[in-house]
**Student:** 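Take a look at the following structure, please.
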There are 2 protein chains.
Amino acid sequence: MDETLLDIGEVARQSGLAPSALRFYERKGLIEAVGRNGLRRTYLPATLERLALVTCARDAGFTLAEIAAFLRAGPSDAVLREGMAAKERAVDERIAQLTRLRDSLRHAVVCDHDPLVECPAFKQAIRRVSVP
Amino acid sequence: MDETLLDIGEVARQSGLAPSALRFYERKGLIEAVGRNGLRRTYLPATLERLALVTCARDAGFTLAEIAAFLRAGPSDAVLREGMAAKERAVDERIAQLTRLRDSLRHAVVCDHDPLVECPAFKQAIRRVSVP
DNA sequence: CTCCTACTTGAAGCGCGGTTCAAGTCAAGG
DNA sequence: CCTTGACTTGAACCGCGCTTCAAGTAGGAG
């Protein structure tokens, strides 16, 4: 066996993901095992990088299906870059929305109104969050 | 019947939420009907404001359970404001994370590397997203 | 050789945030 | 009166992102 191959337990430990999650990702087409050691899946070390990418994208709110599509976009980078540009715009919008929300919360924390829900500034701020 | 009361269909139309969602929210303790017109729930107009608040918080990534807890915190504003301050910090962190992600995507779109996944700057950027 | 351990599988289950369904009920209109 | 149409209910179902379970199996230790 190639010494550089990692079995599923090793990948689980190093990636911080559960083995069940790794198998789940495989079913979803996010990663692939290169072979087996007995029944145990073995992975290329590069899989760890791929998992970092997956985790990052997932944390960012991408669905696993979206991520799989990205990864499958394959070496034809044009599609990939186009998708990424679209996602950049989406993330930008999300940041703007969360920023408005944070500003509303910031006001809420220092606002004198009681009950807070009746504060005109708060009400207006809340409305701005979803409808900029 | 008080002319100012709205029945569920009216609230659904004005809030943009499905009647099923309104009933679901009621089970979760997010809203309350003040009475019935026949079988139809009737709501105070203030319910629309409350729903705007709920929608906003939900869009911001709060769970319905969290929102319900917030709303139940009741007139004792101290708890509410404390919770909001905590959420402001959480939202701020999320904004920072998304900002790092957007920067990675921004680089990815203009990066010359092929395959992109091998670009050192991209790899480093990806790592920074989840582990600032 | 046997035994232990760490994996393997498919299937079922969970929490979230709802929607959809079948069957029933009410108010208003003709 | 009876019909129509918008609601009512509880229960089932959905997609997501997994975890958990029971039953089975391979590799290595003794």
Side-chain angles (χ1 to χ4, degrees), chain A residues 1-3 5-43 47 50-72 87 90 94 130, chain B residues 1-3 5-43 47 50-72 87 90 94 130:
Chain A
M1 296 287 179
D2 189 335
E3 289 295 312
L5 293 183
L6 309 166
D7 82 1
I8 191 171
E10 200 54 35
V11 172
R13 267 182 290 280
Q14 290 192 37
S15 68
L17 295 161
S20 61
L22 296 178
R23 287 191 287 267
F24 180 71
Y25 286 1
E26 186 175 317
R27 279 204 294 284
K28 294 286 176 176
L30 292 164
I31 55 172
E32 272 184 16
V34 282
R36 298 286 177 122
N37 175 20
L39 288 181
R40 294 176 201 177
R41 287 158 174 81
T42 52
Y43 297 95
T47 303
R50 178 173 271 231
L51 284 170
L53 187 60
V54 169
T55 301
C56 162
R58 188 204 51 187
D59 287 352
F62 293 46
T63 68
L64 294 186
E66 282 174 329
I67 301 170
F70 262 75
L71 293 176
R72 264 196 289 274
K87 278 303 170 182
R94 181 82 180 132
S130 298
Chain B
M1 296 288 180
D2 189 336
E3 289 297 311
L5 294 182
L6 309 167
D7 81 2
I8 191 170
E10 201 54 37
V11 173
R13 268 181 291 279
Q14 290 192 37
S15 68
L17 295 162
S20 62
L22 296 177
R23 288 190 288 269
F24 181 70
Y25 286 1
E26 186 176 315
R27 281 204 293 284
K28 294 284 176 177
L30 292 165
I31 57 171
E32 271 183 17
V34 282
R36 298 286 178 121
N37 175 20
L39 288 182
R40 295 173 201 179
R41 288 158 175 79
T42 53
Y43 297 95
T47 302
R50 176 172 275 231
L51 285 171
L53 187 59
V54 169
T55 300
C56 162
R58 190 204 50 188
D59 287 353
F62 293 48
T63 67
L64 295 185
E66 281 174 331
I67 300 170
F70 262 76
L71 293 176
R72 264 197 288 274
K87 278 303 170 184
R94 182 83 181 129
S130 298

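Just the heavy atoms: all of them, side chains too, but no hydrogens, waters or symmetry mates, feed the values below. We name chains A, B, ... by the order of the sequence lines, and we start the count at 1 in each one. The shown structure was predicted, so the numbers you read here are calculated from the model rather than taken from an experiment.
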**Student:** In whole angstrom, give the distance that lies between atom CZ of B/R41 and atom P of C/dC26.
**Tutor:** 14 Å
**Student:** When the distance from CD of B/E26 to P of D/dC7 is rounded to whole Å, what number comes out?
**Tutor:** 15 Å
**Student:** Within this structure, what is the CZ-to-C1' distance between B/F24 and D/dA11, rounded to whole angstrom?
**Tutor:** 14 Å
**Student:** In a check of side-chain contact (heavy atoms from CB on, under 4.5 Å) between B/I31 and each of B/V11, B/L71, B/T47, B/L17, which one passes?
**Tutor:** B/T47
**Student:** Is there a side-chain contact between A/Y25 and the phosphate of D/dG17, meaning an N or O under 4.0 Å from OP1 or OP2?
**Tutor:** no
**Student:** Let me know the distance between CD1 of B/I8 and C1' of D/dG5, rounded to the nearest Å.
**Tutor:** 15 Å
**Student:** Using side-chain hydrogen bond (donor to acceptor under 3.5 Å, both in side chains), reason through A/R50 and A/Y43 one step at a time and then give a plain yes or no.
**Tutor:** CA-CA 11 Å; A/R50 178 173 271 231; A/Y43 297 95; over 6 Å; no
**Student:** What is the distance from CG of A/L64 to P of D/dG17, rounded to the nearest Å?
**Tutor:** 4 Å
**Student:** Quick one: do A/E10 and A/R13 make a salt bridge, cutoff under 4.0 Å?
**Tutor:** yes
**Student:** Return the value, rounded to whole Å, for the distance between atom CZ of A/R36 and atom P of C/dA6.
**Tutor:** 19 Å
**Student:** Please report the distance, rounded to the nearest Å, between CZ in A/R58 and C1' in D/dG15.
**Tutor:** 17 Å
**Student:** Taking for each residue the nucleotide of DNA chain D bearing the nearest heavy atom, is the 5' side occupied by A/L39 or by A/L17?
**Tutor:** A/L17
**Student:** Would you indicate whether A/E32, at its atom CD, is surrounded by more than 12 heavy atoms from other residues, nucleotides or ligands within a distance under 6.0 Å?
**Tutor:** no
**Student:** Remember a base hit wins even if backbone is also touched, and classify B/R23 as base, sugar-phosphate or nothing at under 4.0 Å, heavy atoms.
**Tutor:** base
**Student:** For B/L22 and C/dG17, what is the distance between atoms CG and P respectively, to the nearest whole Å?
**Tutor:** 16 Å
